[in-house]
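Whatever order the structure lists ligands and atoms in, that order sets their numbers, starting from 1.
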Amino acid sequence: MTDRATFFDTKIEFLKGVGPQRAATLNKELNIFTFGDLIQYYPFRYEDRTKFHTIAELSDLLPGAQVRGRIRDWSIMGEGSKRRLVASFTDHTGTMDLVWFHGISYYEKSLRAGGEYIAYGKPLYFGSTYSITHPELEMPSPDTEQDGAFQPVYNLTEKMRRTHFESKAIAKLMRQLLDIAKPHIHETLPESLLHKFRLLPKAEAMEHIHLPYNQAWLNQALRRLKFEELFFNQLRLIKNKLIHKTEYPGQIFRDTTILNQFYKDHLPFDLTNAQKKVIKEIYADLISGKHMNRLLQGDVGSGKTIVAFITMLMAINNGAQACIMAPTEILADQHYEGLKVFVDAMGLHIGILTGSTNTKRRRVIHEELQNGKMNIIVGTHALLEDVVQFKNLGLCIIDEQHRFGVAQRAKMWAKNTEIPPHILVMTATPIPRTLAMTLYGNLDLSVIDELPAGRKPIKTVHRYDTHRSEVFGFMRQQIELGRQVYVVYPLIEESEKLDFKDLMDGYESISRAFEKPKYQISILHGKMLAYEKDDEMMRFQRGETQIMVATTVIEVGVNVPNASVMVVESAERFGLAQLHQLRGRVGRGADQSYCILMTGYKLSKETRTRIETMVKTNNGFEIADVDLQLRGPGDLSGTQQSGIADLQLADLAKDGAILTAARESAQAVLDEDPHLILPQHAPILTQIESQRQGETNWSRIS
Ligand code: ADP
Ligand code: MG
């Protein structure tokens, strides 16, 4: 252990071939200080150098080509930033150019006219010949031919390239280092896992990620190292969850009298099986005596609100208070209105606290929360304020949780100093399972994977802007049938002014096409005051207006079952997750609903995929998967929160299978041996310890 620490802590200047100057460059340019840093500096791609191209075979489509030929002569061309050295390079099939903008004097001195070279780089067709700019150049030798098979390419900075510190040089250092490092690379995974998943031993994997014999070896090395990375990531998350469970007690809410009464007298529909399953999972948490920390995931319209309410009844029934926090006032209002009907019928007390609650009302609420008169409080961020104190907060529900951060969740915790309130976070952002495992691996997960019966799938179509009058015709038809329509415009901060104009222009043209008094139109956007927004929303909700022209403020949670048409303007400007959220605003009643995605004619390939996906499927998880493929995990909402940042090799969009295996293995190991004391788990413990050390080292450097 100590041996390992000292070897990999060795300063990089002690590696053969690294003098003070190179060491300084490695420190400064690549943040590489030690042997350990270097060996973990993985290639970002590889080049297959087993193949040579002739000049006649070159094509713009080749990502890179290796050509063997002779340099005939060269000349300097151009002025200023265009100044370059152009060498004419020939083989038996033709002539091409090799071009350098940097290091001209170096190449002038070192190139040999008539000399034989191997040039490697991306060929481009310019004027009438192919050329490669800044090729890698070497003279053929028996040596290059033999180890040149499958070459790693390391990321370099521009400055390194200018001083001819090339990827090849790093590869050479790596070879040196691997030769001496191999005995010091200890296995980090137990034998049983290596065996079960047929993983390469660590030392071999490290060698082959840098210098693979061929693609097959590289694949094996990558699979092994990705598994390791994900295994330790999951181990940490699951361990945190265990610690959480053993360290934090939770209030016990066993009595269900009120709940049973609600079921019997007030529940307006039959719960879906998925809702029942989730309620059972939550109830099991609430009688466990342990603190609940659960994520409830359910597609838009799957009926999370009623599950939230039932959970609150469990708390209230046992003398505790409950709160539900929503990201917008509109949403908080809606929850309040929706819940109030039930709460009143059951003789309980509910209140709402948002930014626009007036001081007088606020004071009453604060008091009623403190003396316990109020059973349920609905609100926005206003709930987080320190003045909001409870007699006994037993449950905190956070709706659309991706809009809130971890810090805010922690603040709610502190509202009960004796026993932290149980936490249920709800999200309609469908997160692919793989992502949920890394993001929320430390939460328990419940999924509502079924929509209430009788819902007709929403029909989604794509229409070009030029067909707007037909779309208006369709809207008219639906309104005749008594339905309501949303028309949504993008409002994205960077071009807010322009967007706002689009919205207003749209509003005007809709007002012209749908004249008063037959048609009434609502408008809703971020520049309106909170009460104006509420008024408009209410008018639409009550059916006094038929069309709601809005920005994405209606994206989350709004529930108007009679609205059956969602028209999205400039749909090309929305991401998939957002489009899916918007579409979820319709299809909430029994009527056939429609989503119309309007775009211009010019669409990028990616946009087309997005639109086609929306047209093809209503399934939020399928959509989330496509989104993950298109954008990568870093961009998905909420990902700033945890877990993902420290994945160096694994790609959550592609490595789902490895992740699942890693998670199951981590779970199995901890089930068997929660404290990792069994001898066969010693490598795991050692690795965790050295990772911890690594973290401190790293923070010292930066
Ligand atoms: P979300 O999961 O998006 O928050 P909501 O809780 O707003 O969904 O529910 C969407 C609509 O479905 C609401 O009008 C709600 O009353 C209704 N609903 C919920 N559960 C059921 C059910 N089991 N049967 C019928 N309708 C339901
Ligand atoms: Mg909701």
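Residues H291 and H244 bring a donor and an acceptor atom of their side chains to less than 3.5 Å of each other. For Q251 and N392, the side-chain atoms include at least one donor-acceptor pair closer than 3.5 Å.
Neither the backbone nor the side chain of E450 comes within contact range of ligand 1; no heavy atom lies under 4.0 Å. When non-hydrogen atoms are compared, ligand 1 lies under 4.0 Å from neither the backbone nor the side chain of M426.
Note: Y283 and F253 fail the aromatic proximity criterion, with ring centroids not under 6.0 Å apart.
Residue contact check for ligand 1: H335 places no non-hydrogen atom closer than 4.0 Å to it. Heavy atoms of G301 approach ligand 1 to within less than 4.0 angstrom.
Of all atoms in ligand 1, numbered sequentially from 1 with element shown, those under 4.0 Å from a heavy atom of D270 are 22 (C), 23 (N), 24 (N). Set against the non-hydrogen atoms of L271, the atoms of ligand 1 under 4.0 Å away are 23 (N).
Relative to atom 6 (O) of ligand 1, the option among L267, T305, T272 with the closest non-hydrogen atom is T305.
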F540 vs Y486, ring-ring contact (aromatic ring centres under 6.0 Å, His included): CA-CA, chis, key distance, verdict: CA-CA 10 Å; F540 188 66; Y486 293 103; 5.2 Å; yes

Would you be so kind as to tabulate the donor-acceptor pairs closer than 3.5 Å made by side chains of residues 359-367, with sequence neighbours excluded?
residue : atom : partner : partner atom : Å
R362    : NE   : T357    : O            : 3.2
R362    : NH2  : T354    : O            : 3.0
R362    : NH2  : T357    : O            : 3.4

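Considering backbone and side-chain N/O of P561, none are found under 3.5 Å from N/O of ligand 1.
Between I279 and M314, the shortest heavy-atom contact is CG2-CE, 3.7 Å.
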